[in-house]
2 protein chains.
Amino acid sequence: MTFGYISKHKQTILYGVALAVLLFLLKWLEWRFIIVDHTIELYAGCIAVIFTGLGVWLALKLSKPKTTVITVEKELRVNDSTFVLNEAALDETGISKRELDVLLLMAEGLSNQEIAERLFVSLNTIKTHSSNVFAKLDVERRTQAVEKAKRLSIIP
Amino acid sequence: MTFGYISKHKQTILYGVALAVLLFLLKWLEWRFIIVDHTIELYAGCIAVIFTGLGVWLALKLSKPKTTVITVEKELRVNDSTFVLNEAALDETGISKRELDVLLLMAEGLSNQEIAERLFVSLNTIKTHSSNVFAKLDVERRTQAVEKAKRLSIIP
DNA sequence: GCTAAATTCACCCTAAAGTATGACCGAAAT
DNA sequence: ATTTCGGTCATACTTTAGGGTGAATTTAGC
């Protein structure tokens, strides 16, 4: 955009204009008060202005643009399906490995009888384990146990 | 680095040096063959060189660096807690509103008695509803019903 | 080697869950 | 007007879950 270009090089343009105005002012004053031929100074001033412009143009043309790369990290929300066991919570409850086995199968909706068959132990054993789990999780029912265990990240 | 700076502005410096050399060459030739006072041209050349340098310096100093913004997508693993009900799955099961109410409270670990009190109906009503839910979800136990309902995104 | 904790199992008993069946009511659909 | 469906409730019965207690065996730490 034209406006964008102007605002971008505002200082450079301002410098050039100011220099030109200053020179003209000086010349005008000289002509007004001293009737002397100052063509040399005028000539020098013109050359200065022109070559300053040339230098600016050259520099802008030839110098590689200063690029500042700003890296912005954009959050990409991803559904985290990776379950990380909360060992701290597990230790706090004091649930043993075997009890955790029972709890896991419980969470899959198995009955005590099915869990017993799955783990090759008796139904009574599972009852004991599940009772211990309930006590350690401070709940009364298996559904509550599963719910709480999931909340504590003890099970997926 | 100094070397980096030189290589970066190689062309600019070359231009300046070439201009200076050219001027000196001209002056030297003039002095050698024509014995005339060419101080004005020498003066102009000096001014030209100096102001070209000034322009270059100015431009380099004042030119605003172009900023390039690069967005890098960073994966942020987040537990997506936004639950979206799978209405298609719900319709498929044929579970009614009331049955869903019971299922939700079931998932919270409440007993049939507690659900009955919560919904201001009798225990038998809850038993009927839960039995219907089990049949519609093709399961036998409440724990399985909760597990399956969660898998189907019928409940959070 | 001894002790403590974990694992296993048994028996009894109560509470809760689940099955089956039938019935009533009201709203919506045919 | 009749049927269908959802919601309500009841009764009878079976199965499962859960509490309490005790005990044998194994495992792991000191």
Side-chain angles (χ1 to χ4, degrees), chain A residues 85-152 154-155, chain B residues 85-152 154-155:
Chain A
L85 194 145
N86 187 346
E87 284 195 70
L90 212 171
D91 288 351
E92 247 185 84
T93 60
I95 291 175
S96 67
K97 295 143 228 80
R98 203 56 166 169
E99 286 162 355
L100 185 60
D101 291 340
V102 174
L103 183 55
L104 284 164
L105 294 175
M106 220 182 252
E108 290 181 21
L110 301 192
S111 69
N112 286 340
Q113 184 61 56
E114 289 168 333
I115 297 172
E117 284 162 11
R118 193 74 79 85
L119 299 180
F120 305 107
V121 293
S122 83
L123 172 61
N124 287 309
T125 305
I126 302 304
K127 283 189 175 186
T128 306
H129 286 322
S130 57
S131 280
N132 289 337
V133 168
F134 300 155
K136 287 172 180 178
L137 284 178
D138 192 31
V139 295
E140 285 89 43
R141 278 174 290 284
R142 51 178 47 234
T143 45
Q144 287 183 340
V146 170
E147 199 270 336
K148 188 158 190 176
K150 286 193 177 186
R151 246 197 3 246
L152 295 176
I154 290 174
I155 57 173
Chain B
L85 194 144
N86 187 346
E87 283 195 71
L90 212 170
D91 288 351
E92 247 184 84
T93 61
I95 291 176
S96 67
K97 297 143 228 79
R98 203 53 165 170
E99 285 162 355
L100 185 60
D101 290 341
V102 174
L103 183 55
L104 284 164
L105 293 175
M106 220 182 253
E108 289 181 22
L110 300 193
S111 68
N112 286 340
Q113 185 60 56
E114 288 169 334
I115 296 172
E117 285 162 10
R118 192 75 79 83
L119 298 180
F120 305 106
V121 293
S122 83
L123 173 61
N124 288 308
T125 303
I126 301 304
K127 283 190 175 187
T128 306
H129 286 321
S130 57
S131 280
N132 290 336
V133 169
F134 300 154
K136 287 172 180 178
L137 284 178
D138 192 32
V139 295
E140 286 88 43
R141 279 174 290 285
R142 52 174 53 233
T143 45
Q144 286 183 339
V146 170
E147 199 271 337
K148 187 158 189 175
K150 286 194 175 185
R151 244 195 8 242
L152 296 175
I154 290 173
I155 56 173

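Please read all numbers here as calculations on a predicted model, not as lab measurements. The analysis underlying the following values was restricted to heavy atoms, covering all of them including side chains, and did not include hydrogens, waters or symmetry mates.
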What integer distance in Å separates [X]:[atom1] from [N]:[atom2]?
| X | N | atom1 | atom2 | answer |
| --- | --- | --- | --- | --- |
| Ile95(A) | dT7(C) | CD1 | P | 11 Å |
| Glu140(B) | dT19(C) | CD | P | 7 Å |
| Phe134(A) | dA15(C) | CZ | C1' | 13 Å |

Side chains of [X] and [Y] in contact at under 4.5 Å (non-hydrogen atoms):
| X | Y | answer |
| --- | --- | --- |
| Asp101(A) | Arg118(A) | no |
| Glu108(A) | Glu114(A) | no |
| Leu100(A) | Ile154(A) | yes |
| Val102(A) | Thr125(A) | no |

**Message:** Can you tell me if Gln113(B) has over 12 outside heavy atoms packed within less than 6.0 Å of its CD?
**Reply:** yes
**Prompt:** Near DNA chain C, under 4.0 Å by heavy atom, which residues of residues 98-131 of chain B?
**Reply:** Ser111(B), Asn112(B), Gln113(B), Lys127(B), Ser131(B)
**Request:** Take Arg151(B) and Glu147(B) through the salt bridge (Lys or Arg N to Asp or Glu O under 4.0 Å) test and state the conclusion after the steps.
**Result:** CA-CA 6 Å; Arg151(B) 244 195 8 242; Glu147(B) 199 271 337; 2.9 Å; yes
**Message:** Is there a side-chain contact between Arg141(B) and the phosphate of dA17(C), meaning an N or O under 4.0 Å from OP1 or OP2?
**Reply:** no
